[in-house]
Amino acid sequence: MIDLKVLREEAEAVRNSQRVRGEDPELVDQLLAADDLRRNAIVEFEKYRAEQNILSKAVGAAKGDEKSALLENAKELAAKVKSTDAIRAEAEVNTQKILLKISNLIDSNAPVGGEADFVVLEEIGTPRDFAAEGFEAKDHVELGKILKAIDTERGAKVSGARFYYLTGMGALLEFALVNYAISSATKAGFIPVIPPVLVKPAAMEGTGFLGQAAENVFHLEEDDFYLVGTSEVPLAAYHMDEILDESSLPLRYAGYSSCFRREAGTYGKDTRGIIRVHQFDKVEMFSFCKLEDAAAEHQRLLQWEKDFLNAMEIPFRVIDVASGDLGSSAIRKFDCEAWIPTQGTYREVTSTSNCTEFQARRLNIRYKDATGTKSVATLNGTLVAIPRMIVAILENHQNADGSVNVPLALRPFLGVDTLLPA
RNA sequence: GGUGGCGUGUCCGAGCGGCCUAAGGAGCACGCCUCGAAAGCGUGUGUGGGAGAAAUCCCACCGUGGGUUCAAAUCCCACCGCCACCGCCA
């Protein structure tokens, strides 16, 4: 959530942020009004409460007739306290409700517009010219069959559309990617983590996934658990309700977990293959740092993502995601998009967001320095999302016979130089 | 799943209806002492919110949420978590 003080002082900036996101700027004025009511209600309640505290002490000290007289007054006052407290509580809830609807104050450097209005920051590597090489590229589904690495048919039989099995070299490829990712992250100072993937509402709410993204979250009704769509959720919530030591920042975690997404509203989109699936594994970077270091940290996360794609020898580009396409927590987001030969286009494979204090404020994560306690900033970035990385590797490194060359960096982790038709 | 015990400040730990504005200890910070340190002595030491120009004052917080009461860390109810034993499973 945003800071109420910021809202009071810079209401117009918040309205504008809502506008460029394509969200409701009216909420700002609703919130200002609710906040005003809230503060008045607090003053009213506290006035009676303070009186009651004094009177209660007098009751304790008094005896006999004097006591019964005081008790009469005290009873009236108690009723007054109760009613004003109820008004106060309602005002607090109402303010909070609106506050949670407002998205993070967008970075003025982020491009304004919708999904298509991203800015390409750089293009790295050159897509292969399969025509010049004398054969037509096969897509990952076909390659997956030839290598017996991906089985979408049985995935559909057992679990339905958007499910798949990784088998044989496909399964080993996942382990190799994860091991490479975790080992490079550990070298870079990340703490490796295997988090829970079922979380309570507070964790989901705190990371901002129950707002606009709620329709994509699996919910276990019976037990009120959510299945996380990314380990960003349990990693962010890891330090919930804690005060961190200034000297421990930046704190960097690399979480490996399964991710679950409903993919609502994507019917007919990416129905073939494993580009868009309900369940996949991912290694996610997550940083807790000081607000003033957040922009630099964001660049670092992006650099680690670029290093990974370079190590996989995949042509890709980096885009600055436009305002209308950002998550509610993010003030800015960079996506790395890998070249997918059979689609003739770049597709998102990793993504990094700067959420500043937005999540930390909801999750109550702070740090202490000489001047007091402040909210930390949180940032996240994908190191590797397995299915999409497998797609990129298979399609970009394929040979005419359906075999696939393994990127140099991955060979020590996989144990082979080439994936051969099985 | 059953039974019993327990959740108090940075930590340990007392309190079990009103002088709780939470004892005592440890830690930490500063000061005194010292050539310097340790010990000792003294002072301070949480979070959130509200009012105010400020000094400052007020309110809330003893696992969480309700309730009883003029008054709740303390009594009642529910839930969550931890520990122990038993049962079941791996």
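Numbered from 1 within each chain, the chains take letters A, B, ... in sequence-line order.
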| task | Go through the side-chain N and O atoms of S403(A) and N399(A) and say whether any donor and acceptor fall under 3.5 Å apart. | result | yes

| Inter-nucleotide P distance (rA90(B), rG4(B)), Å rounded | 28 Å

| query | rC70(B), rG48(B), rC59(B): which one has an atom nearest the side-chain heavy atoms of R366(A)? | reply | rG48(B)

| task | Step through it carefully: locate the ring centre of Y164(A), locate the ring centre of F280(A), and say whether they are under 6.0 Å apart. | result | no

| field | Same-atom distance (P) from rC76(B) to rG5(B), integer angstrom | value | 13 Å

| message | Below the 4.0 Å mark, does rG49(B) have OP1 or OP2 next to a side-chain nitrogen or oxygen of R39(A)? | response | no

| query | Taking atom types as modelled and ignoring hydrogens, do the side chains of R49(A) and Q52(A) form a donor-acceptor contact shorter than 3.5 angstrom? | reply | yes

| task | Would you please say whether a donor-acceptor pair under 3.5 Å links the side chains of S351(A) and D335(A)? | result | yes

| Proximal nucleotide (of rG49(B), rC70(B), rC59(B)) relative to the K75(A) side chain | rC70(B)

| For D151(A), what residues pass the side chain to side chain donor-acceptor pair (under 3.5 Å) criterion, not counting sequence neighbours? | R154(A)

| task | Taking only the side-chain heavy atoms of N53(A) (C-beta and beyond), determine which of rA51(B), rA60(B), rG48(B) contains the nearest atom. | result | rA60(B)

| task | Can you label the angle between the Y253(A) ring and the Y238(A) ring as parallel, tilted or perpendicular, going by 30° and 60°? | result | perpendicular

| In terms of side-chain heavy atoms, does K282(A) have a donor or acceptor partner in T230(A) at a distance below 3.5 Å? | yes

| request: Using the C1' atom on both, measure rA23(B) against rU74(B) and round to a whole Å. | output: 15 Å

| C1'-based separation of rA26(B) from rA39(B) [nearest Å] | 16 Å

Please enumerate all protein N or O atoms sitting under 3.5 Å from an N or O of nucleotides 71-75 of chain B, with distances to 0.1 Å.
{"unit_1": "rA71(B)", "atom_1": "OP1", "unit_2": "Q52(A)", "atom_2": "NE2", "d": "3.3"}
{"unit_1": "rA71(B)", "atom_1": "O4'", "unit_2": "S56(A)", "atom_2": "OG", "d": "3.1"}

| query | Considering only rA60(B), rG50(B), rU47(B), which nucleotide approaches the side chain of R38(A) most closely? | reply | rG50(B)

| request: Considering only atom C1', compute the distance from rA78(B) to rA51(B) and round it to an integer number of Å. | output: 37 Å

| query | Looking only at atom P, what distance separates rU21(B) and rC16(B), rounded to whole Å? | reply | 15 Å

| request: Ignoring the backbone of K82(A), work out which of rG50(B), rC70(B), rU68(B) is nearest its side chain. | output: rU68(B)

| task | Quick one: label L55(A) by what it contacts on the DNA or RNA (base, sugar-phosphate, nothing), any heavy atom closer than 4.0 Å. | result | nothing

